[in-house]
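Just so we're on the same page: letters track the sequence lines, and every chain starts at 1.
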Amino acid sequence: MTELLTPILSANWGVDKSWTLKSYLSFDGFEGAKKALKLKPEEVLEIVKESGLRGRGGAGFPTGTKWSFVPQDNPNPKYLVVNADESEPGTCKDMPLLLASPHTLLEGIVIASYAIHCHTAFVYVRGEVAHVARRLQAAVAELYAAGWLGKDIQGSGFDLDVVVHSGAGAYICGEETALLDSLEGKRGQPRLRPPFPAVAGLYASPTVINNVESISSVPCILRNGAEWFSAMGTEKSKGFTIYSLSGHVAKPGQYEAPLGTTFAQLLECAGGMRAGHELKFFTPGGSSTPILTPADVDIPMDYEGMVGAGTMLGTKALQVFDETTSIVRTTLRWSEFYAHESCGKCTPCREGTGWLVQLLKRLEAGQGHEGDVDKLLSVCDDINGLSFCALAGGAVACVTSAVKHFREEFELGYTTPAWEAFPYELSTAWAGGAK
Amino acid sequence: MSEELVTLTIDDREVSVPKGTTIIRAAESIGVYIPRFCDHPGLAPRGSCRQCLVEIPDAGNGRGFPAPQASCTMTVAPGMIVKTQMTSAKAKAAQAGIMELLLINHPLDCPICDKAGECPLQNQALLAERVESRFDGVKRRYEKPVPISSQLLLDRERCVLCARCTRFAEEIVGDPFISLCERGTHQQVGFSGEQPFESIFAGNVVQICPVGALTSVQYRFNARPFDLVSVDTTCEQCAAGCALRTDSRHGTIRRRLAGVNPEVNGEWSCDKGRFTLASVPAEQRITTPQIRENGTLRPASWPEALSAAADGLAGGYGGDAKVGVLTGGNLTKENAAAYASFAREVLHTDSIDFRTRQVSDEETAFLRQQAPQVTYADLETAARVVCVDFDPEVDAPIVFLRLFKAVTKGKLQVLALGAQPGRTWEKLRAELVSGTPKQALKELDLTVDDIILVGERAAATPGTLDTISFLRAKWAWIPSHAGDIGALEAGCLPQADGLTVNGILNAAMDGEIALLTDDIELFAAEGALAKAFTVSLANHKEGIATAADVVLPTALVEEQAGTLVNWEHRAGVVNPAIPGTLPTAAEVLARLQAVIEAYRAYTREDDADFEDYEDDDDYEADEVSGFERPEEPPAAAAPPTAAAPSEPEASDAETTSEGEEVPA
């Protein structure tokens with residue numbers, strides 16, 4: 001099944017000191033940027049548009065189209081901001097990429113900045129991953145020394161500075177406008193839209209905000225051409241992506257494959273479920289995407305396929321859970337994450353996520369009151385779609401989808417603690433093989 | 001109307017509003033009230049409480065929104081269809097859901113909360129359908145209350161985190177000493193222990209707080225909204241002319257709130273106006289007339305005091321004393337007008353001045369040409385505003401708010417002459433201009449698009465005011481007292497050959513004239529006051545009364561109706577907030593006039609009539625005495641009865657004096 005995989009971004013991850021410029025250059029590094037700098041910015045933008053590359057951060061918005069929204073007649077400077085605030089439970093694609101090959105992103109930044117006439121780009125790195133920020137900073141320093149950043153890059157006349165900025169550890173700063181506020185030195189809370197960042201983003205100037213993986217996918221498109229890229233994937237979801245498998249699988253990790261690969265195929269690549277266990281449920285793209293069950297394993301994992309299944313592709317973070325897992329406990333852990341990470345700006349998210357945690361806690365402890373499950377759904381109803389940003393939507397999606405698929409297990413919480421029905425030690429890595 | 005209108009449908013009713021209007025404001029315009037917490041017309045939209053959710057089946061492009069949208073942040077679009085909680089079950093359910101969520105962490109302490117009875121949360125919660133909460137978990141708790149300044153207390157567990165207060169502090173007044181901090185359910189209004197919320201506008205946050213989270217030390221546990229009697233009035237603290245609402249209970253003012261006057265103060269006030277409840281504290285109040293006897297004041301009856309005052313001011317029997325009148329700047333225009341006519345028609349003097357500070361002939365001439373030129377609205381459209389010897393935040397705080405608004409919008413440039421560097425100017429991003437005002441003003445090359453705001457301290461620098469009156473820029477003189485402009489308009493300034501305040505005090509020092517004053521500040525005039533015979537209409541024990549020979553108490557500004565004219569020459573109505581028993585200054589002067597006229601009339605009477613009074617048993621002349629008089633006591637005997645026309649026994653004397661008034 002490994003022939004299914006398309007290691008492109010991850011091609012160099014396994015080599016010695018893959019994060020150095022020397023190593024990166026040996027993998028055709030900066031060939032894409034060289035090509036781009038010989039073209040006009042508009043031509044570069046056109047190639048990216050043609051490739052059909054869509055945002056890899058979750059929303060799937062066409063990247064080239066997003067770049068074309070930047071009003072070039074605006075007298076303010078244009079900014080590129082790379083969203084490296086990867087914090088969603090289960091999501092682990094950007095951090096490995098930045099650790100293993102920071103230059104892939106930086107080459108993408110050079111190309112993207114060139115295309116949108118940007119001369120200062122920012123990488124907003126999640127606060128908790130100091131080691132990733134350090135590696136990125138070292139890579140940036142290498143590029144300044146090598147003439148790939150700074151004034152007159154490689155004699156092209158194009159100037160570009162890259163700033164690596166560490167966040168302070170807030171999931172909400174992955175929301176693009178909260179990220180901008182945080183980058184400006186304010187509290188990270190989402191902004192009102194309009195104005196949209198493309199018009200008035202960072203420092204009220206036109207700003208493009210892209211995910212690490214989106215920008216990192218640009219160099220290979222320039223290197224190999226838009227057609228090469230769009231030949232992979234499905235009709236509307238072109239190209240390849242990194243699927244991160246975690247949880248009860250034999251070989252967890254990042255699997256790079258064309259969009260539209262099914263969960264069953266990916267699970268096979270990862271060596272199947274851990275020995276002696278079977279799949280209970282999984283998330284397609286992190287905890288904020290509604291969960292799927294064994295019935296959904298053959299649905300193509302692309303943007304449309306997942307929407308068709310009532311969920312979202314999200315960050316392609318496949319958290320896989322076997323039959324030893326308590327859905328109530330899992331949902332509680334996720335809900336605790338959202339309650340902790342809610343920025344507090346709007347009522348439904350601030351108050352609602354906390355209430356969900358209180359309800360789930362007593363269901364987990366087997367002390368739920370009759371009707372608590374309906375109350376849970378009703379509270380979700382009062383939150384869903386009514387919040388200021390998308391965080392609360394993710395916070396309720398895991399709850400509503402879990403209740404939809406495993407209602408009896410929640411109702412069991414009226415009488416039985418989850419740890420009795422699903423002894424927690426059985427779902428740990430050291431629980432051994434068969435039950 | 002020149003602005004572009006957008007037509008949309010709200011609750012099946014068509015409405016046209018200016019482009020860019022938010023849905024919540026458009027709904028208000030047809031009387032549809034959408035519940036809200038974070039939304040406030042004076043603050044930038046925030047969209048965080050989500051209480052104002054409405055259903056939008058058509059956004060104007062044929063497509064609707066799948067979920068209810070916040071009406072406080074979404075602007076109208078042509079052809080848009082909006083359904084509020086009045087017509088949409090979906091909107092109503094969404095609002096009820098938000099309300100339930102808002103209440104899960106809100107304490108049910110309404111019975112001890114100052115806001116109860118006028119609380120938007122309470123009112124809107126009772127309007128929502130789900131009255132019983134389904135929440136049976138643990139609520140947030142905080143230490144309570146915590147002081148965020150010497151005047152403000154914060155009860156964080158009541159807070160619904162609408163950010164009105166923090167936005168006000170940052171957007172409206174530029175004093176962001178409070179700010180939201182922490183996140184999620186722990187989010188709270190944060191403050192620094194080292195830097196209290198010491199803004200001169202801080203009290204406004206109590207008024208805009210939609211719950212009882214922010215309370216003032218002054219009003220906390222002091223009254224219930226439904227027990228209060230509210231009166232709209234105009235602030236008497238400075239020349240800004242803010243609309244205020246005064247709330248009293250049992251005849252005591254309990255609090256004052258900013259009133260709404262879009263052309264003046266919008267809906268803000270400064271803390272001077274807000275927290276000054278009684279213009280004179282009750283224990284400092286003078287409630288009866290007083291006469292100085294052997295160096296100390298003693299209480300006297302009205303007839304006795306009026307007669308003594310008339311005696312001194314009218315020059316006694318057959319005399320014609322010279323009098324200087326100092327009105328001060330705290331009078332309503334009606335009272336000032338009474339002084340002006342009293343001075344000219346009764347005392348026959350032009351020596352009247354409302355100023356009680358350093359003045360100059362240049363200023364007097366400058367003030368004579370005072371005319372309305374500049375309004376608050378003009379400050380927002382000016383290219384440059386030059387503050388000359390004028391500190392907007394101290395002298396007229398609401399002027400500062402307008403300037404700050406115009407500066408933060410990015411259009412206005414503020415310059416300051418005669419100013420020391422400080423926070424006020426930093427907030428206004430002002431350029432401090434050095435050099436003599438005369439020279440600096442000329443060098444600024446001002447045009448008709450510029451405005452000069454000049455304060456009363458400019459009188460101290462010769463040449464400043466003359467220069468201003470010759471420049472092309474529009475100018476406004478902003479004095480420090482609420483009654484200054486009204487007094488100026490009413491004629492409390494020498495019109496011809498009268499003395500100004502300097503001359504009046506010098507003459508008084510020389511013993512040439514007597515003084516009639518209102519409750520003015522003493523300002524180093526003790527010498528003159530000690531020397532001259534002084535009649536003061538006063539109500540404060542510690543003020544001018546300490547030096548006056550006759551004190552006639554008057555009603556406080558909060559006890560009377562009248563008009564205060566602000567620096568724009570805009571009249572503001574003053575309404576009595578509490579009942580008072582004392583007459584206004586105008587009424588006292590009318591009584592005094594009657595006494596003096598009767599007195600003068602009497603002096604032309606045949607001396608033979610004296611005997612009747614001399615023999616009158618009810619009258620004891622000695623009691624009235626206490627002043628040196630050219631003639632025998634009977635001279636003073638007639639007026640007291642004339643001064644109290646309501647007393648039946650006085651009717652004879654009254655007729656006599658009135659009969660004589662015509663030929664006089």
Asks: To the nearest 0.5 Å, tell me how far Arg183(B) CZ sits from His340(A) NE2.
Replies: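 It comes to 4.5 Å.
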Asks: Can Lys375(A) and Asp136(B) be counted as an ion pair, charged N to O under 4.0 angstrom?
Replies: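 A salt bridge links Lys375(A) with Asp136(B).
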Asks: Rounded to the nearest 0.5 Å, how far does CG of Leu180(B) lie from NZ of Lys345(A)?
Replies: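 Those atoms lie 10.0 Å apart.
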Asks: Is Val138(B) close to chain A through its backbone or its side chain, or both, or neither, when contacts mean heavy atoms under 4.5 Å?
Replies: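 Contact with chain A is through both the backbone and side chain of Val138(B).
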Asks: At a heavy-atom separation under 4.5 Å, does Arg191(A) approach chain B through its side chain, its backbone, both, or neither?
Replies: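 Contact with chain B is absent: no heavy atom of Arg191(A) under 4.5 Å.
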Asks: State the OG-CD distance between Ser48(B) and Gln189(A), to the nearest 0.5 angstrom.
Replies: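 Interatomic distance, Ser48(B) OG to Gln189(A) CD, rounded to 0.5 Å: 8.0 Å.
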Asks: Does a sphere of radius 6.0 Å around NE2 in His186(B) hold more than 12 heavy atoms from other residues, nucleotides or ligands, not counting ones at 6.0 Å or beyond?
Replies: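 12 or below, so no.
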Asks: After noting the C-alpha distance and the side-chain angles of Arg134(B) and Asp382(A), does the key distance pass the salt bridge (charged side-chain N to carboxylate O under 4.0 Å, His left out) rule?
Replies: CA-CA 13 Å; Arg134(B) 294 175 297 163; Asp382(A) 289 341; 3.6 Å; yes
Asks: Measuring heavy-atom distances to chain A, does Leu102(B) have an atom under 4.5 Å in its side chain, in its backbone, in both, or in neither?
Replies: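 When you check distances to chain A, atoms from both the backbone and side chain of Leu102(B) fall under 4.5 Å.
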Asks: Non-hydrogen atoms of chain A under 4.5 Å away: do they reach the side chain of Thr185(B), the backbone, both or neither?
Replies: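 Thr185(B) touches chain A through backbone and side-chain heavy atoms alike.
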Asks: Given a strict heavy-atom distance threshold of 4.5 Å, which part of Ile104(B) is in contact with chain A: side chain, backbone, both, or neither?
Replies: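 Just its side chain gets close to chain A.
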Asks: What's the shortest heavy-atom distance between Thr347(A) and Cys49(B), and which atoms?
Replies: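 Of all heavy-atom pairs spanning Thr347(A) and Cys49(B), the closest is OG1-O, 2.9 Å.
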Asks: So that I can tick it off, tell me whether Arg140(B) and Glu351(A) are bridged by a salt bridge, with the cut-off set at under 4.0 angstrom between side-chain N and carboxylate O.
Replies: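 Yes, Glu351(A) and Arg140(B) are salt-bridged.
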Asks: Rounded to the nearest 0.5 Å, what separates atom SG in Cys72(B) from atom CG in Leu192(A)?
Replies: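 Rounded to the nearest 0.5 Å, the SG-CG separation comes out at 7.5 Å.
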Asks: Mind listing the closest non-hydrogen atom pair of Pro68(B) and Leu386(A) along with its distance?
Replies: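 For Pro68(B) versus Leu386(A), the nearest heavy atoms are CD-CD2, 3.6 Å.
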Asks: Looking at Lys19(B), I'd like to know if its NZ atom is crowded, meaning that more than 12 non-hydrogen atoms belonging to other residues, nucleotides or ligands lie closer than 6.0 Å.
Replies: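 Open: at most 12 neighbouring heavy atoms sit under 6.0 Å from NZ of Lys19(B).
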Asks: So what's closer than 4.5 Å to chain A heavy atoms on Gln51(B): side chain, backbone, both or neither?
Replies: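 Neither the backbone nor the side chain of Gln51(B) comes within 4.5 Å of chain A.
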Asks: Quick one: closest heavy-atom pair of Pro348(A) and Arg50(B), and the distance?
Replies: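 Looking at all heavy atoms of both residues, the shortest contact is CD-CG, 3.4 Å.
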Asks: Rounded to the nearest 0.5 Å, how far apart are CG of Leu161(B) and SG of Cys346(A)?
Replies: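 Answer for the CG-SG pair, Leu161(B) versus Cys346(A), is 11.0 Å.
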Asks: With a 4.5 angstrom heavy-atom cut-off, which part of Pro45(B) approaches chain A: side chain, backbone, both or neither?
Replies: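 Interface part for Pro45(B): both.
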Asks: Between Cys38(B) and chain A, which part of the residue has a heavy atom less than 4.5 Å away: side chain, backbone, both or neither?
Replies: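 For Cys38(B), no heavy atom lies under 4.5 Å from chain A.
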Asks: Could you have a look at Pro194(A), Gly354(A), Ser387(A) and say which one has the most heavy-atom pairs with chain B under 4.5 angstrom?
Replies: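 Most heavy-atom pairs under 4.5 Å with chain B: Ser387(A).
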Asks: Under the side-chain contact (heavy atoms from CB on, under 4.5 Å) rule, what do Gln187(B) and Arg187(A) come out as? Steps first, then yes or no, please.
Replies: CA-CA 12 Å; Gln187(B) 189 176 235; Arg187(A) 297 178 74 219; 3.2 Å; yes
Asks: Looking only at heavy atoms and a cut-off of under 4.5 Å, which of Met74(B), Glu100(B), Arg46(B) has the most pairs with chain A?
Replies: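 Among the listed options, the one with the most contacts to chain A is Arg46(B).
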Asks: Taking everything shown except Gln413(B) itself, do over 12 heavy atoms lie less than 6.0 Å from its CD?
Replies: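 It does: Gln413(B) CD has more than 12 such atoms within range.
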Asks: Please check if the number of heavy atoms outside Lys144(B) that lie under 6.0 Å from its NZ is greater than 12.
Replies: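 Yes, NZ of Lys144(B) has more than 12 neighbouring heavy atoms, counting only those of other groups under 6.0 Å.
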Asks: Does atom NZ of Lys361(A) have more than 12 heavy-atom neighbours, drawn from other residues, nucleotides or ligands, at distances under 6.0 Å?
Replies: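 Count not over threshold, so no.
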Asks: Looking at every non-hydrogen atom in both residues, tell me the closest pair between Gly385(A) and Ala67(B) and how far apart they are.
Replies: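 Reported closest heavy-atom pair: O-CB, 3.6 Å.
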